[in-house]
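To start, the structure under review is shown below, and the notes come after it.
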Amino acid sequence: MGVELGKIFDSVMKNSLFKNKSVLQTGYSPDSIPHREKQIELVASIMAPVLRGERVSNLFIYGKTGTGKTLSVQYVKDEIMKRSKEMGIEIRMEYINCKLKKVADTEYRILAALITELGGSVPATGLPTDQVYSRFIQLIDNKKQLVILIFDEIDQAVKKISDDFLYSLTRLNSELSKAQISIIGISNDVTFLENIDPRVRSSLGEEEIVFPPYNAVQLKDILNSRCKDAFKENVVDEAVISKCAAFAAREHGDARRALDLLRIAAELAERDGKSVIDEVYIDQANNKIERDKILAIVETEPSQFQAVLYSILQLTKQRKGNEEFYTGDIFNHYQDLCGKIKIEILTQRRISDIIAEIDMLGLINANVISKGRHGRTREVKLSIPQNLMDKVEVILTESLGV
DNA sequence: AGGTATTCACATGAAACTATTCTCTGAGTTAGG
DNA sequence: TAACTCAGAGAATAGTTTCATGTGAATACCTGT
């Protein structure tokens, strides 16, 4: 046994296609960010006054996922920090991702995360929020300094909390005597600023920058520049890159997606012992990404979600796929199911929300339609690919104990 | 035929409730001086 | 008297229930021709 494993390890070492895989993984910050020069310059020119010790305008940045927002901002942040260290200026720039569950998805936790970043500490719970605020203020206001807070995916936070959180933030300056803060908000949702309190809008959106999606040509450039560091010589050819770029361009120009695609394709090729990445692996990678995403969701959702999803699955099978069905059908089926597997039956109200959430996750397709005299409801269709159905069913039956 | 009023079957929203986890506070207890 | 323990009050959070209100268009119901 040990010998065979040794062989496997040896061959993996020898046949690796990668020079440095991390170059393709999320979180890697490249030396250059192609096709974002303009945006970076803009961000930098807006942030620059901080080096003169002036408070800078609040900045708001939009752009779809994978358009380089975070990367660019981080880049400018690092440059500014470097420079400020040379010049001996007190500047703090803190980056918070508001979407990370259990880290920064509520008002309390965002503040707590900031405080930890700044070297303080707060308990995870038990404290009134306004006390956390005052601790935060104390921490910042203990000396004269400029603080720039970067909130990534800020739209997620506001959806979950409310926009008076932003209001308190923008007003924070008036409570500080020595320090001053500026805010950079990053959002995927272009319409985000339109839907919030006008007072907040005007103050948060003092400056705005839009990051447009990459097109296929730009994506190719990005992939090419990363390939040099990521792969050994002659592992990828132009056609593969093109295909990758084309795939990702279709997905609203998501560079992250393109990189994932390439990395996973390479991993698959490597596993097959190939020394070159063939185009077919791009297709395989695409399927694998989709597949893994769905399976991960199905596995990790709580049992009530699983029960609802299982009901939908059963109904789909019953109806031979063709006919759509409605909230009421699902609820009835779900009730029976609960009886059978002996779990608590939730209200229809709740099931309605759960269906909406499963829709959000992309496992089903649900549209609100009006059937006239027969009321208004959601028309639901399963959107899990046929070849995954069995696998999903197995997971659900196992975890529900049907 | 054309117009309008109803009505269904939920959607959607807001508030309130529950259980869990955690802090903080202060009363009561203990042990050492 | 200082240190320690422990119960109770108060918070945050996630998941849910309760109550309330909204809604789009097929159909029932008129209306006048």
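All chains are named by letter (A, B, ...) in the order of the sequence lines, taking the proteins before the strands, and each is independently numbered beginning at 1.
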Notebook entry, point to check: Would a distance-only check, ignoring hydrogens and angles, find a side-chain to backbone donor-acceptor pair under 3.5 Å from A:T327 to A:S352?
Noted result: no
Note to self: For C:dT23, does the base pair up with any side-chain atom of A:R376 as donor and acceptor (N or O, under 3.5 Å, distance only)?
What the structure shows: yes
Margin query: Let's see if you can work this out: which of B:dC24, B:dC10, C:dT18 has an atom nearest to the side-chain heavy atoms of A:T347?
Written below: C:dT18
Note to self: Closest-nucleotide mapping onto DNA chain C: is A:R109 or A:P128 further toward the 5' terminus? I mean the 5' end.
What the structure shows: A:P128
Notebook entry, point to check: Any side-chain heavy-atom pair from A:R378 and A:I330 closer than 4.5 angstrom?
Noted result: no
Item checked: Option among A:Q156, A:K64, A:E153 that satisfies the side-chain hydrogen bond (donor to acceptor under 3.5 Å, both in side chains) test with A:N188 -> A:E153
Margin query: Looking only at the side chain of A:P123 (C-beta and beyond, no hydrogens), which of the listed nucleotides C:dT13, C:dG24, B:dT23 gets closest?
Written below: B:dT23
Notebook entry, point to check: When you match A:K371 and A:A356 each to their closest nucleotide on DNA chain B, which lands nearer the 5' end?
Noted result: A:K371
Note to self: Nearest to the A:S370 side chain among C:dA25, C:dT13, C:dA12, which nucleotide is it?
What the structure shows: C:dA25
Margin query: Among A:R256, A:R257, A:R263, exactly one meets salt bridge (charged side-chain N to carboxylate O under 4.0 Å, His left out) together with A:D260. Which residue is that?
Written below: A:R263
Check: Ignoring hydrogens and geometry, is there a side-chain-to-backbone donor-acceptor pair from A:N215 to A:Q218 under 3.5 Å?
Finding: yes
Check: Is any side-chain N or O of A:R349 under 3.5 Å from a base N or O of B:dG13, one able to act as donor and the other as acceptor?
Finding: yes
Margin query: I need the CG-P distance between A:D329 and B:dA11, as an integer number of Å.
Written below: 11 Å
Notebook entry, point to check: What's the CD1-C1' distance between A:I330 and B:dA11, to the nearest Å?
Noted result: 14 Å
Check: Rounded to whole angstroms, how far apart are CG on A:D359 and P on B:dA11?
Finding: 12 Å
Next item on the list: Could you state the atom-to-atom distance from CD1 of A:I354 to C1' of C:dA14 in whole Å?
Entry: 13 Å
Item checked: Atom-pair distance (CZ on A:R350; C1' on C:dC19), nearest Å -> 17 Å
Check: Considering only C:dA14, B:dT21, B:dA14, which nucleotide approaches the side chain of A:T125 most closely?
Finding: B:dT21
Note to self: Output the rounded distance in Å from CD (A:E301) to C1' (C:dA14).
What the structure shows: 14 Å
Note to self: Closest approach to the side chain of A:L127, judged atom by atom: which nucleotide of B:dT12, B:dC10, B:dT23 is it?
What the structure shows: B:dT23
Notebook entry, point to check: Taking the side chain of A:T129 as heavy atoms from C-beta outward, which of C:dT17, B:dA11, C:dA12 is closest to it?
Noted result: C:dA12
Check: Quick one: A:N367 CG to C:dT23 C1', roughly how many Å, whole number?
Finding: 16 Å
Next item on the list: Could you check how far NE2 of A:H374 sits from P of B:dC10, rounded to whole Å?
Entry: 12 Å
Notebook entry, point to check: Looking only at side-chain N and O atoms, does A:R373 come under 4.0 Å of OP1 or OP2 in C:dG24?
Noted result: no
